[in-house]
Amino acid sequence: MGIRQFEQNPFQQCISFHVLLDHLEKIAREETGYAAERAQALLNEAVAYPKLRDGMSEGWEIDEHMPVIKHLVADLFPAALTQNEIKAVTIPFQNILFNRTERLKKILHAAGNSFDMTIRNFDDHQFYVMSCCLILNEFYQTQLDFGKPMFYDIPTAEGVIKHYRIIYNADFLDIIPTNKARKLTPEDITRLVNSYDDLALWMEMFPPGSYILKGFALITLFDVTVENAVSVLKGTLLTNLSEVDVEQDFESIFRSIYRIPDLHVGFTAFDADENKFSSITNIRKIKSYILNDSMEAVCTDILGPKSFAAIMGKSDFFAVSDTKQFFLEHPESELAHQFLKQNIHSFILAPVVKDGVTLGILELTSPRPHELNSVNAHKLDTVMPFLVNTIDRQISFMQNRIQAVIQNEYTTLHPSVQWKFRKEAQKYIERQEHHLEYNLREVVFDEVYPLYGQIDIKGSSNTRNLSIQKDLHNQLAALMLIVEMMDEMPEQAAYMEKLQEFETLTHNFLTLVRTDTEQYIQYFIESKIHPLLYSLQSSPIYSKAIANYFKQLDKTNGSFYTYRRKYHTTVSITNQKLASLLDARQTEAQQMFPHYYERFKTDGVEHNLYIGSAISPKYAFAKRHLHNLRLWQLQTLCEMEQAHHQLKSTLPYLLEVTTLILAFSSSLSIRFRMDEKRFDVDGTYNARFEIVKKRIDKAYIKDTSERICEPGKITIVYASPNEETEYRGYIKTMQDRRLLGNKIEVLEVEDLQSVSGLKALRINILHE
């Protein structure tokens with residue numbers, strides 16, 4: 001037995017019982033009766049062993065004196081407590097332990113002969129400085145608080161690491177200076193206090209062996225395995241779990257808590273959008289025992305009705321102490337079947353729930369029955385809050401990464417379809433982390449029903465062109481004034497020629513065939529006319545008129561944009577009013593059945609809706625949901641037209657709107673086009689729907705020059721008698737609600753490209 005663990009030591013260590021012997025002498029001298037007699041007997045026994053008082057520095061000396069030492073310290077080690085207390089005689093911070101209690105002997109025996117009895121995270125530097133602090137407090141009246149929790153990590157015979165906190169009692173120790181001890185000044189002490197890391201300075205001020213530490217200390221250990229494991233777990237959970245060594249950093253913690261050497265920890269993520277379990281998380285090193293080798297599975301298929309009701313949406317633990325017995329009682333249980341395949345004979349499933357939302361399932365598994373059960377499941381009460389916050393943080397981190405992929409590779413998406421894009425983005429991220437090549441796929445939704453509607457501002461293009469023409473006439477008039485001021489100047493003829501060309505362009509603006517006419521006229525002004533004005537700016541005759549001209553070019557306030565501003569204001573306010581009303585009604589419509597929604601502002605507002613189980617798989621879709629949405633669409637468009645009717649008289653231009661619905665009863669597929677960053681119908685047959693959408697609002701009644709859409713009325717285009725019957729039912733409901741009038745027109749629509757045989761119902765919208 002050695003008594004020196006650290007080579008460098010400011011102390012000469014000397015095991016002595018002089019303080020205890022002095023105490024016994026006092027009892028024998030001052031007391032009477034049994035206490036005095038027993039104290040005297042111990043003193044008589046010890047008198048033959050002078051080293052008990054003088055001190056021992058070698059392990060073999062302690063061994064020789066152990067019988068009498070046991071007698072001397074018997075009062076400090078009550079026999080009745082030896083099976084419970086974890087206690088021994090020691091020297092602080094050293095690995096020497098003797099006169100151990102029976103419980104300590106059993107703990108060290110189970111740890112094995114190869115166990116290294118060292119304090120956790122305690123090195124030579126710490127030992128030396130802490131020893132010096134003892135001296136400073138003893139001789140220089142400092143009050144250095146150098147204490148910190150100290151632990152032994154001791155394995156059981158099964159290999160489970162248990163943690164024990166160390167408590168020292170130093171009442172039986174004396175510190176004695178030698179001739180090597182230096183006398184310290186206040187300045188020296190200040191330097192030391194400010195120089196913890198400078199070991200050389202500490203060794204200079206307290207040379208090795210400059211003091212004698214004489215006596216003994218008592219060490220008591222307390223089993224703090226659970227508390228320590230929780231503390232370590234907190235630290236582990238603050239890291240990125242994707243970088244954690246699961247077995248060393250994670251499972252070892254739970255093995256300490258449960259004292260099961262081969263306990264395993266798993267985690268399965270839960271996707272509420274699809275009601276599925278998934279093994280794709282940012283905690284990718286942690287295995288999913290529920291899924292085993294699968295990537296995902298429907299929640300109810302795996303758990304079964306009983307387990308599903310007991311686990312999902314709750315915060316209670318689900319514990320099975322005997323998997324085989326559970327399987328016999330529930331032979332349909334896929335969960336029990338999967339666990340038995342993995343040699344799991346008892347398990348605990350702990351739902352990870354944050355703000356009422358299930359994030360996933362924490363799994364604890366054991367290969368033996370009864371080791372995990374409903375009683376010890378509640379050991380998780382201490383750690384679950386930290387786990388919940390960490391997993392929530394990790395999932396949020398993953399969701400942020402997924403959203404970044406979606407924004408970069410797809411586009412801003414309606415919430416109803418984001419789940420499928422998240423799933424694809426998850427695969428992309430998972431493959432990246434495993435350094436595997438993966439190309440994002442186009443997302444497809446099959447068997448969905450489309451609804452299309454629009455409110456179009458009638459005559460908006462003509463109104464816009466007329467506004468441009470009026471503004472250009474104003475601009476031409478201002479330029480003519482400047483030219484007239486030239487009055488027979490040589491340059492006047494050249495300027496007049498340019499203005500006449502400008503006037504011709506302006507007068508012909510509405511009939512010019514070129515699609516970029518406005519841009520061409522603007523280019524003509526800037527390249528042919530403005531350079532002439534710039535050349536005259538320095539002249540005092542023209543400078544004021546030219547400055548006034550350029551002032552009128554301001555798009556915000558200048559008079560050359562008066563009519564265009566009126567037009568844009570009219571269209572902008574109209575679109576904003578219609579779009580905001582549609583968006584508000586859409587929020588209500590999502591409550592009927594979640595569906596995809598997109599709208600566009602052009603010269604008016606149009607929208608696409610797609611509904612079906614493919615978009616919202618966790619809900620049971622039925623045709624009634626489609627019918628409810630069609631009725632909602634009809635009512636909403638009527639309300640939008642009514643809102644415009646009340647608004648139009650307050651706008652700069654009095655523009656009318658036309659309202660249209662396209663009925664389409666067949667289901668189709670929509671595909672997200674990666675190149676265009678939008679959804680489009682998929683397949684040749686389904687393209688018929690898109691063709692009709694693009695052309696129908698400008699279509700005419702067959703064999704007439706009258707448009708099918710007319711202000712103040714709603715037009716419903718359809719192809720089959722069944723659609724007509726269905727929409728007549730919706731119209732009747734709207735008539736009862738005083739939104740539509742009584743007169744229904746039945747129209748035949750002119751043949752469109754590759755599409756013929758369309759019909760339409762047209763009904764007036766009531767504005768009272």
Side-chain angles (χ1 to χ4, degrees), residues 1-5 11-113 115 117-119 150 152 154 164-176 212-223:
M1 181 195 304
I3 66 171
R4 296 179 184 85
Q5 181 177 358
F11 291 124
Q12 300 175 30
Q13 295 175 154
C14 178
I15 300 290
S16 168
F17 296 87
H18 66 287
V19 175
L20 183 57
L21 291 171
D22 290 346
H23 178 68
L24 291 173
E25 288 176 346
K26 182 179 180 181
I27 293 175
R29 184 172 62 252
E30 297 179 358
E31 297 188 19
T32 58
Y34 175 76
E37 293 174 1
R38 185 173 182 281
Q40 189 58 55
L42 289 171
L43 290 169
N44 293 339
E45 183 180 5
V47 73
Y49 304 95
K51 284 195 174 182
L52 290 173
R53 186 181 291 274
D54 298 337
M56 298 165 279
S57 57
E58 299 294 337
W60 60 266
E61 295 177 296
I62 297 172
D63 292 338
E64 281 188 352
H65 290 77
M66 276 308 299
V68 67
I69 290 174
K70 283 182 176 293
H71 293 161
L72 286 175
V73 299
D75 289 345
L76 304 176
F77 290 81
L81 300 179
T82 191
Q83 299 295 335
N84 183 52
E85 287 189 337
I86 310 171
K87 192 173 178 181
V89 176
T90 187
I91 295 176
F93 318 135
Q94 301 288 353
N95 63 358
I96 179 172
L97 298 174
F98 59 93
N99 200 63
R100 304 163 183 171
T101 60
E102 289 302 315
R103 185 177 176 190
L104 179 55
K105 289 178 183 177
K106 291 176 182 177
I107 290 171
L108 295 179
H109 177 74
N113 294 330
F115 172 65
M117 192 72 175
T118 56
I119 300 170
M150 295 184 179
Y152 282 132
I154 306 176
Y164 299 89
R165 183 165 183 178
I166 302 168
I167 302 295
Y168 288 114
N169 182 329
D171 291 346
F172 303 96
L173 281 171
D174 282 331
I175 300 175
I176 305 166
I212 298 172
L213 185 66
K214 184 178 181 181
F216 70 93
L218 298 177
I219 183 173
T220 303
L221 306 184
F222 294 93
D223 188 342

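In this chain, numbering begins with 1 at the start of the sequence shown.
Judged purely by atom type and a 3.5 angstrom limit, Thr90 uses its side chain to pair as donor or acceptor with the backbone of Ile96. Remark: the backbone N or O of Glu102 is paired with a side-chain donor or acceptor of Thr82 at under 3.5 angstrom. The backbone N or O of Leu76 lies less than 3.5 Å from a partner atom in the side chain of Lys87, making a donor-acceptor pair. Distance alone, capped at 3.5 Å, places no donor-acceptor pair between the Arg103 side chain and the Glu85 backbone. A donor-acceptor pair is defined here as one N or O able to donate and one able to accept, closer than 3.5 Å; such a pair exists between the side chain of Glu61 and the backbone of Ser57.
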- Report the C-alpha distance between Ile69 and Phe98 in whole Å, list the side-chain angles of each, state the deciding distance to 0.1 Å, and finish with yes or no for side-chain contact (heavy atoms from CB on, under 4.5 Å). CA-CA 10 Å; Ile69 290 174; Phe98 59 93; 4.1 Å; yes

- Message: Using the rule given for side-chain contact (heavy atoms from CB on, under 4.5 Å), can you reason through Ile62 versus Val89, listing the C-alpha separation, both sets of side-chain angles and the distance that settles it, and then say yes or no?
- Response: CA-CA 11 Å; Ile62 297 172; Val89 176; over 6 Å; no

- Item | Verdict with supporting geometry, Ile175 and Leu173, side-chain contact (heavy atoms from CB on, under 4.5 Å) | CA-CA 7 Å; Ile175 300 175; Leu173 281 171; over 6 Å; no

- Message: Between Arg53 and Asp22, is the salt bridge (Lys or Arg N to Asp or Glu O under 4.0 Å) condition met? List the steps.
- Response: CA-CA 9 Å; Arg53 186 181 291 274; Asp22 290 346; 2.8 Å; yes

- Item | Asp171 vs Val19, side-chain contact (heavy atoms from CB on, under 4.5 Å): CA-CA, chis, key distance, verdict | CA-CA 9 Å; Asp171 291 346; Val19 175; over 6 Å; no

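Contact check for Leu52 versus Val68: side-chain heavy atoms found under the 4.5 Å cut-off. With a 4.5 Å cut-off on side-chain heavy atoms, Leu43 and Val47 do not count as touching. At least one side-chain heavy atom of Ile91 sits less than 4.5 Å from a side-chain heavy atom of Leu213. Taking 4.5 Å as the limit, some side-chain heavy atom of Tyr164 sits within range of a side-chain heavy atom of Ile154. In this structure the side chain of Phe77 reaches within 4.5 angstrom of the side chain of Leu218, judged on heavy atoms. At a threshold of 4.5 Å between non-hydrogen side-chain atoms, the residues His71 and Glu45 count as touching. Residues Met117 and Leu108 are in side-chain contact: their nearest non-hydrogen atoms beyond the backbone lie under 4.5 Å apart. With a 4.5 Å cut-off on side-chain heavy atoms, Lys106 and Gln83 count as touching.
Annotation for Ala35 and Glu31: closest pair CB-OE1, 3.6 Å, computed over non-hydrogen atoms. When all heavy atoms of Ile167 and Phe222 are compared, the pair lying nearest together is CG1-CE1, 3.5 Å. In terms of heavy atoms, Cys14 sits closest to Gly55 at SG-CA, 3.1 Å. Closest non-hydrogen pair, Tyr152 versus Gln94, comes out as OH-O, 4.0 Å.
Rounded to the nearest 0.5 angstrom, Lys70 NZ and His65 NE2 are separated by 15.0 Å. Put simply, CZ on Phe11 and CD on Gln13 are 8.5 Å apart, with the number rounded to the nearest 0.5 Å. With values rounded to the nearest 0.5 angstrom, Thr101 atom OG1 is found 5.0 Å from Leu104 atom CG. Here the CD1 atom belonging to Ile27 is positioned 11.5 Å from the CD atom belonging to Gln40, to the nearest 0.5 angstrom. Rounding to the nearest 0.5 Å places CE of Met56 at 10.0 Å from CG of Asp63. Taking CD1 of Ile219 as the reference point, atom CD1 of Ile166 lies at 5.0 Å (rounded to 0.5 Å).
With 3.5 Å as the limit, one finds no donor-acceptor pair spanning the side chains of Gln12 and Lys214.
Counting heavy atoms of neighbouring residues, nucleotides and ligands inside a 6.0 Å radius, atom NE2 of His18 exceeds 12 of them. By the neighbour-count criterion of 12 heavy atoms within 6.0 Å, atom CZ of Phe115 is densely surrounded, having more than that number from other residues, nucleotides or ligands.
Ionic pairing of Asp75 and Arg38 is present here: one or more N-O contacts between side-chain nitrogen and carboxylate oxygen are shorter than 4.0 angstrom.
Relative orientation of the Phe172 and Phe216 rings is parallel, given thresholds of 30° and 60° on the angle between their planes.
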